[in-house]
Amino acid sequence: MPEQKQVRVRFAPSPTGSFHIGNARTALFNYLFARHEDGTFVLRIEDTDAERSSGEFEAEILAGLTWLGLHWDEGPDSGGPYAPYRQSERRTSYEEYARRLLAKGQAYFCYCTEEELEAQKQDLASRGESPRYSGRCRNLTEAERAKFQREGRSAVLRFQVPEREVSFKDLIRGKISFDMALVGDFSIAKVALNRPTALQSGGQATRATESLEFSPLYNFSVVVDDFEMRISHVIRGEDHISNTPKQLLLQEALGFSCPEYAHLPLILGPDRSKLSSRHGATSLKAYREDGFLAGAMLNILAFLGWNPGGTREMLSLEELIKEFSLARVHKAGAVFNANRLEWLNAQYLRALAPEALLECAVPFLVSAGLLQPADGGYRIVKTGEQMSDSYLQAVLRLEQGRMKKLSEIAALTEFFFVDVPDYDANLLPWKGRGKEDTREALEAVGAVIEAVPAEDFTVGRLSEGLLAVAAERGDRGIVLWPLRVALTGREASPDPIEIAAILGKDKTAKRLQAAITKLRD
RNA sequence: GGCCCCAUCGUCUAGAGGCCCAGGACACGAGCUUUUCAAGCUCGGUACAUGGGUUCGAAUCCCAUUGGGGCCGCCA
């Protein structure tokens, strides 16, 4: 039996913006594949672009992955056998390989300016040809090079692309081939020339004092790192398909083994173009802050371009790992379905235990200005009243099945966090009933409330009396509707009896009295 | 424009030549339940892009067309 190659995959985001859900999906698929194959999941930060990369975005990526439960085996924080895992810390490696390519004549310095490059491309395009680099600096003489350097032109290292076909077998799409004659020499590193003593010593610069500083560019750093980190499978977005032949060529030139490739379908916006900020929220963080649960995010993401077959709809991370296979990944892009996410989230929200619901919902009540932390618990901002966890849990449980996301909880429960709700007296009467009837009904309700002891102010006891009062009047609405309004100040709410039971005798009586007073005016 | 990729309900999808005049879910519509709102239950409409092949038989295989998308940076 030949030894099975160990599976090592990487998720390699660049921290140049908020952690995008498309990237989160790529991370998920890498993670699922790694775990399913008993392999290793590596997190590598591609921050070669110092201008645009930031530690803040990197932190956001780590936080996002952690939130989703996608734990990496090797990464910038935890280290690993192939550390460091941040490209900005791996410069010596890139430089070594860049010099190797230079020595073999497979890379060269290009001094073309942006304008020149643009002109070359325009020229090719006008002739209907593929817009690629012309190869103008391929055969520069030493003298020409020196001249450009003296002019202070900045240089870039280009890879000399052989004019032939390159193909690879994509694990999702099958064979894909490219005619590299149409591609042109692509850049692999920016090169800065350091001449620390040149100007100071009266122009007497010598070669010995000069040094070249290479900053690697994407296609090059990826190839070097995937090789050095022993990556076996590269699973990434479809937008990288055209980078693959370039990377293959680089691997060949450097004598590296090639990983397997799998290109994932893109996540699309409603207009079927690549999901981007113009389609709305795209950062994982934004969804988290809007009150979506990790389980719901995991499911919506997993089912975008993949499914376990059959009619199963919601899977845990463990089940996803068990079921995952690249063979079941689609080729076509998938439109992000926000409605479905909300439905999924509602399902997960309902499944939450009271303690868990409390834990994740309270921050939303706090940020809405309804509650504030106090004495190890929470206090109602408007009334100053201290709230017990069990009271809060009861409040939350009441609305648990009514919200699609946690950010809705404040608006839904607001009436619990005021002294007496504010509303128009005209809201109190039930369909076609007058104020008199309504007041009479509420007074009857008041009598029931009065009769139920505070210690036993339960839904059971309340229903008994209240429903009897309603039955006498032949229509539950005439009693329950004004009671709802008195208690909540609104026309849509959970069962007023349940609300009363949570509020307790005193508050219920107070709100009822306020309603009766309103009806007298 | 060049190259590459893709194609089942509005959307996510099941479907690996007969089980499919195409199934599930979200959304939508109607009804039931009902004190309101949700939820729940029942029912409903809507899809194999088109045209050619291959085959006894095609949503499934092949080709073309059409349509959509991605990439063409000294970004990743």
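Since the structure is predicted, the reported quantities are computational estimates derived from the model, not experimental observations.
The distance from atom CD of A:E165 to atom C1' of B:C4 is 12 Å, rounded to the nearest whole Å. Spacing between atom CD of A:E498 and atom P of B:C37 amounts to 16 Å, rounded to whole angstrom units. Nucleotide B:A76 holds its P atom 16 Å from the CZ atom of A:F11, rounded to whole Å. The separation between A:I497 atom CD1 and B:U35 atom C1' is 9 Å, rounded to whole Å. For the pair A:K431 NZ and B:U34 P, the computed distance is 12 Å after rounding to whole Å. Put simply, CZ on A:R312 is 17 Å from C1' on B:G15, counting in whole angstrom units. At whole-Å resolution of the value, CG in A:L301 and P in B:U11 are 20 Å apart. Remark: C1' of B:C75 and CZ of A:R236 are 15 Å apart, rounded to the nearest angstrom.
Searching all strands for a Watson-Crick or G-U wobble partner of B:G40 with both distances below 3.5 Å returns B:C32. When Watson-Crick and G-U wobble pairs are counted only if both distances are under 3.5 Å, B:G67 pairs with B:C6. Partner assigned to B:U11 is B:A25, using Watson-Crick or G-U wobble distances below 3.5 angstrom. Using N1 to N3 plus N6-O4 or O6-N4 for Watson-Crick, or N1-O2 and O6-N3 for G-U wobble, each under 3.5 Å, B:G1 pairs with B:C72.
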Show the atom names and distances, to 0.1 Å, of all donor-acceptor pairs under 3.5 Å that link a side chain in residues 177-190 of chain A to residues at least two apart or in another chain.
unit_1, atom_1, unit_2, atom_2, d
A:D179, OD1, A:A181, N, 3.1
A:D185, OD1, A:R138, NH2, 2.9
A:D185, OD1, A:V161, N, 2.8
A:D185, OD2, A:Y108, OH, 2.5
A:D185, OD2, A:R138, NE, 2.7
A:D185, OD2, A:R138, NH2, 3.3

Side-chain donor-acceptor distances from residues 292-304 of chain A under 3.5 Å, at least two apart:
unit_1, atom_1, unit_2, atom_2, d
A:N299, OD1, A:L315, N, 2.9
A:N299, ND2, A:G295, O, 3.1
A:N299, ND2, A:L315, O, 2.9
A:N299, ND2, A:Y348, OH, 2.5

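Between the C1' atoms of B:U60 and B:G17, the separation comes to 7 Å (whole Å). Nucleotides B:U54 and B:C63 have their C1' atoms positioned 11 Å apart, rounded to a whole Å. Of the P atoms belonging to B:A38 and B:A27, the separation is 12 Å, rounded to the nearest Å. If you take atom P in B:G69 and the same atom in B:U11, they sit 13 Å apart, rounded to whole Å. Comparing the P positions of B:C12 and B:U65 gives a spacing of 26 Å, expressed to the nearest Å. Rounded to whole Å, the separation between the C1' atoms of B:C9 and B:U36 comes to 34 Å. One C1' atom belongs to B:A25, the other to B:A64, and the distance between them is 35 Å to the nearest Å. Between B:U42 and B:C26, the two P atoms lie 12 Å apart (nearest whole Å).
Side chain of A:D49 to backbone of A:R52: a donor-acceptor contact under 3.5 angstrom is found.
Only one option out of A:E114, A:E115, A:E116 pairs with A:R153 in a salt bridge (Lys or Arg N to Asp or Glu O under 4.0 Å); it is A:E116. For the side chain to side chain donor-acceptor pair (under 3.5 Å) criterion with A:E60, the lone passing option out of A:S54, A:S283, A:S18 is A:S18. Under the side chain to side chain contact (heavy atoms under 4.5 Å, CB included) rule, A:L68 has a single partner from A:L28, A:L317, A:L284, which is A:L284.
Taking the six-membered ring where the residue is Trp, A:F11 and A:F19 present tilted rings, their angle falling between 30° and 60°.
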> How far apart are the C-alpha atoms of A:R473 and A:E440, what are their side-chain angles, what is the distance that settles it, and do they pass the side-chain contact (heavy atoms from CB on, under 4.5 Å) test?
Replying inline: CA-CA 11 Å; A:R473 269 147 264 254; A:E440 189 276 329; 2.5 Å; yes
> Under the side-chain contact (heavy atoms from CB on, under 4.5 Å) criterion, do A:T438 and A:W481 qualify, and how do the steps go?
Replying inline: CA-CA 9 Å; A:T438 306; A:W481 174 267; over 6 Å; no
> Do A:V42 and A:Y85 pass the side-chain contact (heavy atoms from CB on, under 4.5 Å) test, and can you show the C-alpha distance, the side-chain angles, and the key distance before you say yes or no?
Replying inline: CA-CA 9 Å; A:V42 176; A:Y85 292 90; 3.7 Å; yes
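Using a 4.0 Å heavy-atom criterion, one finds that A:R350 contacts the sugar-phosphate atoms exclusively. Counting non-hydrogen atoms under 4.0 angstrom, A:Y218 reaches a base of the nucleic acid. Nucleic acid contact for A:D179: none, since no nucleic acid atom lies under 4.0 Å from a heavy atom of the residue. Contacts of A:E491 with the nucleic acid, taken as non-hydrogen atoms under 4.0 Å apart, include base atoms. Across all strands, A:G305 comes closer than 4.0 Å only to sugar-phosphate atoms, never to a base (heavy-atom distances).
For A:R173 and B:C5, a side-chain-to-base donor-acceptor distance below 3.5 Å is absent, hydrogens and geometry of angles not being considered.
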Pairs under 3.5 angstrom, nitrogen or oxygen only, protein versus nucleotides 67-74 of chain B, please.
unit_1, atom_1, unit_2, atom_2, d
B:G70, OP1, A:K274, N, 3.1
B:C71, OP1, A:K274, NZ, 2.6
B:C71, O2', A:S242, OG, 2.8
B:C72, O2', A:P131, O, 3.4
B:G73, OP2, A:K121, NZ, 2.6
B:C74, N4, A:C112, O, 2.4

Pull out every protein N or O sitting under 3.5 Å from an N or O of nucleotides 22-28 of chain B, one pair per line with the distance.
unit_1, atom_1, unit_2, atom_2, d
B:A25, O4', A:E313, OE1, 3.0
B:A25, O2', A:R340, NH1, 2.7
B:C26, OP1, A:W343, NE1, 3.4
B:C26, O2', A:R340, N, 3.2

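In this structure, A:K518 satisfies the cation-pi test against A:Y423, with its NZ or CZ atom closer than 6.0 Å to the six-membered ring centre and inside 45 degrees of the ring normal. Cation-pi geometry between A:R490 and A:F415 is not met at under 6.0 angstrom from the ring centre and within 45 degrees of the axis.
In this structure, A:F220 has its ring center no closer than 6.0 Å to that of A:F214.
Residue A:N307 places at least one side-chain N or O under 4.0 Å from the OP1 or OP2 atom of B:A14. Dashed line: the shortest gap from a side-chain N or O of A:S221 to OP1 or OP2 of B:A76 is not under 4.0 Å.
For RNA chain B, the neighbouring residues in residues 462-482 of chain A, judged by any heavy atom under 4.0 Å, are A:R476, A:G477, A:L480, A:W481.
For A:R91, there are no side-chain hydrogen bond (donor to acceptor under 3.5 Å, both in side chains) partners at least two apart in sequence or on another chain.
Which of B:U36, B:C12, B:C6 sits closest to the side chain of A:V335 comes down to B:C12.
Each of A:W430 and A:W306 lies near RNA chain B, and the nucleotide nearest A:W306 is the one positioned closer to the 5' end.
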